[in-house]
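Indexing begins at 1, ligand by ligand and atom by atom, following the structure's order.
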Amino acid sequence: MVRQAHHDRTMTSNQLRKEFLEFFRAKGHTVVSSDSLVPTGDPSLLFTGAGMNQFKEYFLGLKRDMRRAASCQKCFRTGDVEQVGQTPSHLTFFEMLGNFSFGDYFKKEAILWAWEFMTGRLGIAPDRLWATVYESDEEAVKVWKEAVKVPEGRIVRFGAKDNFWPSNAPTEGPNGPCGPCSELHYDYGRCMVGKVCPDPAKCRPGCPCGRFVEVWNLVFTQYDRQSDGSLKDLPAKNIDTGMGLERLTAVMQDKMSVFETDLFEPIIEAVVQLLRQEAPAVLKKDQRSFVCTIADHVRALSFLISDGVVPSNEGRGYVLRMLLRKAVRAGRVIGFSKPFLYKLVPAVAKGMEQAYPELIQRRESIAGVILSEEERFLQMLEEKMPLLEQEIRGTVQPEHDRRALHAEAAARFYDTHGLSYEEIAEACSREGVQSPSREDFEKALEVLQAQSKANSAFGAIFARDKLTELVARLQPTQFLGYGQELTAQAKTLCLVQEQRSVEEVRAPAPVEVMLERSPFYGESGGQVGDAGRLQGPEGKLEVLDTQWVGSVLVHRAKVLEGKIGVGETVTASVDGQRRRRTAQNHTATHLLHAALRKVLGDHVMQAGSLVAPDHLRLDFSHGKGLGAQQRESVESLVNEWISASLPVSVALMPLEQARKTGATALFGEKYGSEVRVVSIGEVSKELCGGTH
Ligand code: SER
């Protein structure tokens, strides 16, 4: 049964992105720009994996200045990396279209609007759409049946694995906001090429024949999972939806694979062309999956690097490095022997120009980072192969396992030297030694990498401690410290001791103090939090550190003398010398950044920083190391600017205006609509929330 789709098949991905945001803007949503792939201010996550991540504080009730939002979010997930290229719709990097309600509208509107967008705005035939619901969610079934009028036969009930978010949250957690979801599936009216439907009469979403694709996930975030596993009703019910732009584009362009859409075709074409030029090898039909893998990975690499991730041996940089190696390996299979990935960056940037113009601006530096990492990997292969062969001979015990390499040894080698299972297996066969099975190898590797995996679990987004819960009730703290004022009177709103809210704390004891307003700077933008003193009517406290929890400032303190109570008025005084030193280091960080860009070029990107009273650190990406000469030039430039005592000025302006003045915005950094621009003479102009 092959049916033609009747909607407009010429819609481009660029149009779809716009249509979606415009649709929800007209429904009263604030269109929020995509957060960085490196989640802003959320160390619990390695990468942004869903549109809702950047709204975490709204879901938790910590921020309340917005009730409806819509976005097109850059996402990166590694959970399915092995599937990429093997299936028509798995990707590592993708864009998620989403609309969100923070205690505003709920199920009925979310469903009706999703339907209106798909059938009304995009013109998809209603009989092409199926709905799935959580098995016991009668409310959702009712909306689909009665309000939308979807025939009962096209409403399918699934369990928590498919229709709860996070998946399986009721039984497995994580604790925190969660809820049943309802998905929209599109019916292509035909099986995937090469597949036969096991039972056409019963074919429905989830069928392995690939006739259906899940396009939109509507999550009804209505519960707060407790540690005992119970689901408590949230005071505010939220909506979190996510639709993959790539899948939607495939549906609209009537392609069964995302790799055949306008999002991927130019990249795939670039791979094929390059292969023709560089390796006169003919691409075999069954090698297309490698081309798709390369296309996906080079997109992900470009966006990750653009957001400030640089290859390294840990954390995000490690994931980036591994992804690049996977892409290089796929390239070697189809015939590339020299660095090639970096030559694909222009194709990625060009295709994304409308939505992500920064990629075009940064394409040279992105390509530079990729090239040096490709070179490094190829060189490593050359150097490490002999080591691997030695290892194989050495670890094969003559008395037992005579001719087999242990999975643990192989995994350790992979982890230390980065040679893949394929390379290890190949070397084993050259040495006449049996290699471990891929399954055993992967199991051993999993044990080895359990730690880093635990950090990236994206369910952790909702992990929160008691303190977060306690401050969620409080009004945002007013920060007074941008002026010269380092001392202020303020009322204590809440005291927390050992994760419990208390009325009073006596010396000597640690306590977390929340004030209605404060001159203390809470750690952000790399600048450490302030320290200082609180003097109450009956006691004295030392503030050791200041941190933001949502929009509430938490003063981590110690009661030195007497006591402190809720509702008292205290004098809050920042340690002026510490703040001054920190401010000097912050200004110096800007100078260093400017000097690096002047000496090495505008492609230099700040990837992170630490600004403390006694030292500063600036992470930047440049693709290669600094020569002695360059280091010296940077150093003398900074020193020259410091001795010139250039004036430092701060101006508040709308983001657009700031961009026009040419202020440097940090990669991956997210800014509000009104921003602070910090200028140092004529040499530096940066968007910055810090103190100088
Ligand atoms: N958070 C949900 C998802 O990732 C819906 O956006 O699928």
Side-chain angles (χ1 to χ4, degrees), residues 17 20-21 23-24 29 31-32 34-35 37 39 42 44-60 68-80 83 89-102 104-107 109-111 113-114 117-118 131-134 137 140 158-170 172-186 205-206 213-225 234 237-248 258 456-463:
R17 219 186 264 114
F20 182 87
L21 297 176
F23 179 86
F24 281 101
H29 292 63
V31 172
V32 178
S34 172
D35 192 10
L37 284 172
D42 193 345
S44 67
L45 285 175
L46 275 189
F47 298 107
T48 301
M52 54 76 60
N53 287 19
Q54 69 164 321
F55 301 112
K56 179 175 161 177
E57 286 165 336
Y58 290 89
F59 283 101
L60 292 174
R68 295 179 183 187
S71 67
C72 175
Q73 174 65 50
K74 297 179 278 187
C75 295
F76 178 72
R77 292 183 183 175
T78 51
D80 293 323
Q83 304 266 57
S89 52
H90 280 99
L91 297 169
T92 57
F93 170 85
F94 64 100
E95 292 171 79
M96 190 184 277
L97 302 166
N99 56 294
F100 309 92
S101 155
F102 314 117
D104 189 7
Y105 63 86
F106 198 48
K107 256 176 227 191
E109 292 87 339
I111 293 177
W113 288 341
F117 179 71
M118 297 299 263
T132 68
V133 294
Y134 180 52
D137 191 353
F158 282 136
K161 185 175 154 287
D162 296 296
N163 279 69
F164 214 93
W165 202 88
S167 169
N168 279 335
E172 293 167 12
N175 295 338
C178 59
C181 58
S182 183
E183 297 167 343
L184 262 97
H185 290 245
Y186 178 77
V213 63
E214 176 213 324
V215 276
W216 204 342
N217 186 12
L218 318 176
V219 186
F220 314 125
T221 314
Q222 65 194 89
Y223 301 119
D224 186 4
R225 186 188 194 271
L234 270 175
K237 295 186 174 173
N238 310 291
I239 289 294
D240 155 30
T241 88
M243 169 155 63
L245 173 70
E246 296 76 6
R247 290 189 186 184
L248 178 67
V258 294
S456 74
F458 80 78
I461 172 120
F462 280 131

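Residue-ligand proximity, A50 to ligand 1, at heavy-atom distances under 4.0 Å covers atoms 4 (O). Listed by atom number, the atoms of ligand 1 under 4.0 Å from D240 heavy atoms are 1 (N), 2 (C), 5 (C), 6 (O). Near R77, the atoms of ligand 1 lying under 4.0 angstrom from a non-hydrogen atom of the residue are 4 (O). Close approach of ligand 1 to V219 is summarised as follows: ligand atoms under 4.0 Å from at least one heavy atom of the residue are 2 (C), 5 (C). Heavy-atom contacts of M52 reach the following atoms of ligand 1: 1 (N) (cutoff under 4.0 Å). When each atom of ligand 1 is checked for a heavy atom of M96 under 4.0 Å away, the hits are 4 (O), 6 (O).
Checking side-chain atoms of S167 against main-chain N and O of K161 turns up a donor-acceptor pair under 3.5 Å.
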Working note: K237 + D104, criterion salt bridge (charged side-chain N to carboxylate O under 4.0 Å, His left out); need CA distance, chi angles, decisive distance, verdict. CA-CA 7 Å; K237 295 186 174 173; D104 189 7; over 6 Å; no
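At a cut-off of 3.5 Å, with distance as the only test, a side-chain donor of N163 or T132 sits close to an acceptor on the other residue.
In this structure, CD on Q73 lies 7.0 Å from CG on L37, to the nearest 0.5 angstrom.
Taking a cutoff of 4.0 Å between a charged side-chain nitrogen and a carboxylate oxygen, E95 and K74 do not qualify as a salt bridge.
Using a 4.0 Å cut-off between heavy atoms, E214 makes no contact with ligand 1 at all.
The shortest distance between side-chain heavy atoms of I239 and Y105 falls below 4.5 Å.
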